[in-house]
Amino acid sequence: MSAPLIELDGVSRVFPGGDAGVCALDAVSLSIMAGEYVAIMGPSGSGKSTLMNLIGCLDRPSAGAYRIAGREVSALSADALAALRRDTFGFVFQRYHLLADATALENVVIPAVYAGLPADQRAERGETLLGDLGLGDRTAHRPGQLSGGQQQRVSIARALVNDPPVILADEPTGALDSQSGADLLDLLDSLHAEGRTILVVTHDASVAARARRVIRIRDGHVVADERNPGPEAVAAAAPVQPVMRPDGAADGGISGDVSEAARMAMRSLKANPFRTALTLLGVIIGVASVVAMLAIGEGGKRQVMARIQAMGTNLLLIRPGAPGTHRADVITLRNGDAEALTDVANVDIVAPERSNTLTLRFGNVDHKAEIKGTWAGFARARDWNLEDGIFFTDEDVRTYAAVVVLGRTVAAHLFGGDSGVGRYVMIRNVPFLVIGVLETKGATTYGTDMDDVALIPLTTGQSRLFGREHLSSVMLHVADTAVAGETQREVRALLLERHNGVEDFQIRNTAAILKAAENTQNSLTVLLGAVALISLLVGGIGVMNIMLVGVTERTGEIGIRMATGARMRDILLQFNTEAVVVCGLGGLLGVGIGLLAAIVCRLLGMPVVFSPWPSVLAFACAFLTGLVFGFLPARKAARLDPVAALSSE
């Protein structure tokens, strides 16, 4: 005689409750051979459904041994038990346990998804089964559009889609009318005739009369195990034997098919559009904030850097007065200092300055501006190009030429739309020939208009406008900024020697100022990004909260999936995929809205600089948010007890 297909040896199941717990099964022992048709009968609360759950690997025994085809299964891993449910058992439930948001065909092929069957093959198999059961024209209908008998037939088709050797039917006719119940029992008879093992839990004697063997259970004990003399003793076909795969292995399954998980996730999200929209909103706001704030921050940074650079880069600025003082009227720098500095290594341009605020006149138009006397290298040192005309030369400086180069603001006030090159302006009743107009520089970081200036040769200014031969400042343009610090030390040593060891001057390195300003702007940009990322973090917490609520609401669905063969990693992948889909979709929408907001800000005159990296960073953060904040809800879903989850449906 062959070994039993199902063998229970002293199996007990005790549920927590009270001091000693509730004993649903007490040392039950029985054997079922392959190909048998067995009915398990008993009144409500007798333990028959608990016994069915243990046989179907939905629950674990508290004590005793349980073997399937000689394999001990009571201590198997959760995934190995899922493999047994997927490959060995087909469940027909009294309450059907169909997914309400899935079509009849989608419900039928769920076990095939977890078995790794390709999409086209499982669809073909599902359609064939539904057609054989008279539901060929109902494949696209959802459970709410089907009658009770039709829903039960969908449940039967789902139980058969993986061609299992054992069919477990729990009160299969309890919710059906008499005709639908009779049709179902006829179908179970035909399945038994094909060699399948049939186990039916029922309290209906007419249902048990179809079985070849009846096991009666009361108060957790088997009180009778008898052969039914009415039906034929054996099935017409050879018994179907189960295929025992090691540790839950499958041919692929949803674990290896992320696209299938994504489709299932999208269907679940569509089932609750309002909740999905609220979840998306948190992610969208976070991502849009990151994109918009970083674009605006980068624009502001570049604007500030451009203004600082407009003042001149690679410069050493020497001003009169001891370090720490701010007096501009002290006389400590003279022409000889500027001439001596031309011999310092790494200094390629020296531009001494002497300035005063004076009135320029052209015709009957007066304009007060800063008149600055300097050398011919001033424009090159400041990277200040000409809009029209030429700059004065070293020869003009040596010959005390009365020429002037105007800033754009001065030229606009004196000449309107004309540049004024070739005309004369009066400065303290001295006529100066306008030989050039500078390009627009704009304002300094302090708000001063750099274009409100007129440049003349230093010698001319000192002899005809300013008087005494001292300097307001000396500007040095260094050739190599990498050694600007060393050059600054050499300049200081030279000036100390010329001033008899008295440090009555101060040297500022504009490269250092530019670097400090850049660091400050970078810090501000990081701060803006951090604030925006906090918004994204809040959105991620919202995603986790919604997903946790979703797990609670969808506990029944999780139980159905586990009963049909879903492993822990399948559930984990599905729910984590849902979170990633939400965050990924929210990330895409957030990037678009953030760019749109930045464009609007640019149209309103705000400095905005677009770069692909903030968008990539924001989307990547949204994607990671889905992975990180979706993991905990997914883990909670994957660790649910199958029988407890199924009973909540």
Side-chain angles (χ1 to χ4, degrees), residues 5-6 8 11 13 24-26 28 30-59 85 88-98 133 148-160 164-194 196-233 235 563 643 646-647 649:
L5 173 63
I6 295 172
L8 287 81
V11 169
R13 182 67 173 100
L25 291 177
D26 187 9
V28 172
L30 61 88
S31 298
I32 298 174
M33 306 300 293
E36 281 196 274
Y37 190 157
V38 180
I40 301 175
M41 291 192 68
S44 297
S46 62
K48 60 183 184 300
S49 292
T50 301
L51 178 60
M52 180 69 79
N53 290 334
L54 289 174
I55 292 174
C57 298
L58 290 171
D59 200 3
R85 293 193 295 269
T88 302
F89 299 106
F91 293 91
V92 180
F93 301 103
Q94 177 183 0
R95 291 188 294 168
Y96 321 132
H97 289 315
L98 302 177
L133 293 171
Q150 290 172 332
Q151 291 184 60
Q152 188 65 288
R153 279 182 277 171
V154 172
S155 176
I156 294 171
R158 181 182 62 193
L160 297 175
V166 181
I167 302 297
L168 302 179
D170 186 4
E171 299 285 3
T173 62
L176 300 179
D177 58 73
S178 57
Q179 183 57 50
S180 297
D183 292 341
L184 173 60
L185 294 177
D186 290 341
L187 178 60
L188 292 178
D189 287 341
S190 64
L191 292 173
H192 177 240
E194 294 173 0
R196 289 183 174 84
T197 304
I198 310 294
L199 276 73
V200 179
V201 169
T202 184
H203 63 273
D204 187 340
S206 63
V207 175
R210 297 287 192 113
R212 278 55 171 169
R213 177 182 174 190
V214 179
I215 298 173
R216 301 184 184 275
I217 187 169
R218 183 181 297 274
D219 298 329
H221 297 275
V222 174
V223 296
D225 186 350
E226 54 195 25
R227 296 289 171 180
N228 192 344
E232 297 179 5
V643 70
L646 194 62
S647 64
E649 208 269 340

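Treat the numbers as computed from the prediction; the structure is a model and nothing was measured.
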- Message: On a heavy-atom basis, which atom in K48 and which in P43 lie closest, and how many Å separate them?
- Response: NZ-O, 3.2 Å
- Note on the structure: d(L8 CG, S31 OG) to nearest 0.5 Å is 8.0 Å
- Query: Side chains of R158 and L98: does their closest heavy-atom pair fall under 4.5 Å?
  - Reply: yes
- Message: Quick check: do L168 and V201 have side-chain heavy atoms less than 4.5 Å from each other?
- Response: no
- Item | Interatomic distance, S49 atom OG to L54 atom CG [nearest 0.5 angstrom] | 11.0 Å
- Please report the shortest heavy-atom distance between F91 and A159, naming the atom on each side. O-CB, 3.4 Å
- How many angstroms lie between atom CD1 of I55 and atom CD1 of I40, to the nearest 0.5 angstrom? 4.5 Å
- Query: Going through the checks in order, is the side chain to side chain contact (heavy atoms under 4.5 Å, CB included) test met by D225 and R213?
  - Reply: CA-CA 7 Å; D225 186 350; R213 177 182 174 190; 2.6 Å; yes
- Should Q152 and L184 count as side-chain neighbours, where that means a heavy-atom distance under 4.5 Å? yes
- Query: Below 4.5 Å, heavy atoms only, C-beta onward: do R210 and D189 meet side chain to side chain?
  - Reply: yes
- Message: I want to check something: taking the side chain as every heavy atom from C-beta on, are T197 and L199 in contact at a cut-off of under 4.5 Å?
- Response: yes
- Message: Can you confirm whether the side chains of D204 and T202 place a donor and an acceptor under 3.5 Å from each other?
- Response: no
- Query: Taking C-beta and beyond as the side chain, do M52 and E171 meet within less than 4.5 Å on heavy atoms?
  - Reply: no
- Task: Locate the shortest heavy-atom distance separating P172 from A169; write the atom from each residue and the value.
- Result: CG-CB, 3.8 Å
- Item | salt bridge (charged side-chain N to carboxylate O under 4.0 Å, His left out) evaluation trace for D170 with R95 | CA-CA 9 Å; D170 186 4; R95 291 188 294 168; over 6 Å; no
- Rounded to the nearest 0.5 Å, what separation is found between the CD1 atom of I6 and the CD1 atom of I32? 4.5 Å
- Message: Quick check: closest heavy atoms across T88 and P165, and the distance to 0.1 Å?
- Response: O-CD, 3.2 Å
- Query: Can you check whether F89 reaches I167 side chain to side chain, under 4.5 Å on heavy atoms?
  - Reply: no
- Item | Side chain to side chain, V200 and V38, heavy atoms closer than 4.5 Å | no
- Search all heavy atoms of I217 against all heavy atoms of V223 and return the closest pair with its distance. N-CG2, 4.2 Å
- Query: Would you say H203 has more than 12 foreign heavy atoms packed within less than 6.0 Å of its NE2?
  - Reply: no
- Atom CG in L188, atom CD1 in I156: separation rounded to 0.5 Å? 6.0 Å
- Nearest atoms (heavy-atom pairs only) where H97 meets L646: CE1-O, 3.6 Å
- Before giving the answer on side chain to side chain donor-acceptor pair (under 3.5 Å), spell out for E36 and H192 the whole-Å C-alpha distance, their side-chain angles and the decisive distance to 0.1 Å. CA-CA 8 Å; E36 281 196 274; H192 177 240; over 6 Å; no
